[in-house]
Amino acid sequence: MIKLEYDFFIRDVLEVAPELIGKYLFLKKDNVDHLYMITEVEAYRGEEDLACHASKGRTSRTEIMYTRGGHIYVYLIYGMYWMFNIVTGKEDDPQAVLIRGIEGIKGPGKLTKYLGLDGSYYGEDICNSSRIEIRDNNIFHPITITQRIGIEYAGEPWASNLWRYVIRNDPK
DNA sequence: GGCACGATGTGA
DNA sequence: CACATCGTGCCG
């Protein structure tokens, strides 16, 4: 298992997102190591993407998306659920990958609750953290590509862009 | 300051 | 389909 470094994350989100399928999320909780295979992600790309929070421009919340890839973007939705994202791309090119599923857990809100991820991870450097990393075991997994979930409000073409990537055979 | 609304999940 | 629950963006 190789830890992924900046060169992996500092690329366009449409390259990084599909490659994250089958990779492993490493977490250290209470001094115990855990590995979870990533099974579902979505790409959010630039200020022009009306489903991307960066479409509102640079704010205290979206600021982290304007940094170079490898930082963590976490935010609260519906007052209850933390969404876990990894920033990608170069500095000043706001992009992020929303991690929507790991093996056995479907749904971005359930995922963060299960893993214990919250606002304390906002801005964390996933290439230089003692508690969270992404690792690769070089095993390829075929993927299914679909539209992103829950962003119809963004209108076209954003609602129809095929920017959701799911591990194939992962039921739904 | 006030208000509308979500990259969701659950349960009727 | 209703709704919980609150940070954020936007307007005033």
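In the text below, chain A, chain B and the rest are named by the order of the sequence lines, each starting its count at 1. No hydrogens, no waters, no symmetry mates; every other heavy atom, side chains included, goes into these values. For clarity, every value in this text was computed on a predicted model and none was experimentally measured.
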Side chain to side chain donor-acceptor pair (under 3.5 Å) with A/Arg61: which residues, sequence neighbours excluded? none
Not counting sequence neighbours, which residues clear side chain to side chain contact (heavy atoms under 4.5 Å, CB included) with A/Ile139? List them please. A/Asn137, A/His141
Any side-chain heavy atom of A/Asp136 within less than 4.5 Å of one from A/Met1? no
Within the 4.0 Å heavy-atom criterion, would you say A/Leu98 contacts the bases, only the backbone, or no part of the nucleic acid? base
Please give me every residue in residues 108-115 of chain A whose heavy atoms get under 4.0 Å of an atom in DNA chain B, ordered by residue number. A/Pro108, A/Gly109, A/Lys110
Please identify each residue that fulfils side chain to side chain contact (heavy atoms under 4.5 Å, CB included) with A/Met80, with sequence neighbours left out. A/Tyr78
Non-neighbouring partners of A/Lys110 that pass side chain to side chain contact (heavy atoms under 4.5 Å, CB included), sequence neighbours left out: A/Ile105
Under the side chain to side chain donor-acceptor pair (under 3.5 Å) test, which residues partner A/Tyr75, sequence neighbours left out? none
Partners passing side chain to side chain donor-acceptor pair (under 3.5 Å) against A/Thr144 (at least two apart in sequence or in another chain): none
With pairs taken as Watson-Crick or G-U wobble and both distances under 3.5 angstrom, which stems of at least three consecutive pairs involve DNA chain C? B:1-6 with C:6-11, B:8-11 with C:1-4
Determine whether the side chains of A/Glu124 and A/Ser129 contain a donor N or O and an acceptor N or O closer than 3.5 Å. yes
Heavy atoms of chain A, cut-off under 4.0 Å: which first and last nucleotide of DNA chain B, 5' to 3', fall inside that, if you could look? B/dG6 to B/dT10
Reading nucleotides 3-12 of chain C from 5' to 3' and marking B where a protein heavy atom lies under 4.0 Å of the base, S where only the sugar-phosphate is that close, and - otherwise, the string is -BBBSSSS--
For residues A/Tyr66 and A/Glu47, is any side-chain donor paired with an opposing acceptor at under 3.5 Å? yes
Tracing side-chain links under 4.5 Å among I, L, V, M, F, W and Y, which residues wind up in one group with A/Ile10? A/Tyr6
Is it true that the NZ or CZ of A/Arg131 lies under 6.0 Å from the centre of A/Phe26's six-membered ring and within 45 degrees of the ring axis? no
Side chain to side chain donor-acceptor pair (under 3.5 Å) with A/Thr62: which residues, sequence neighbours excluded? A/Thr59
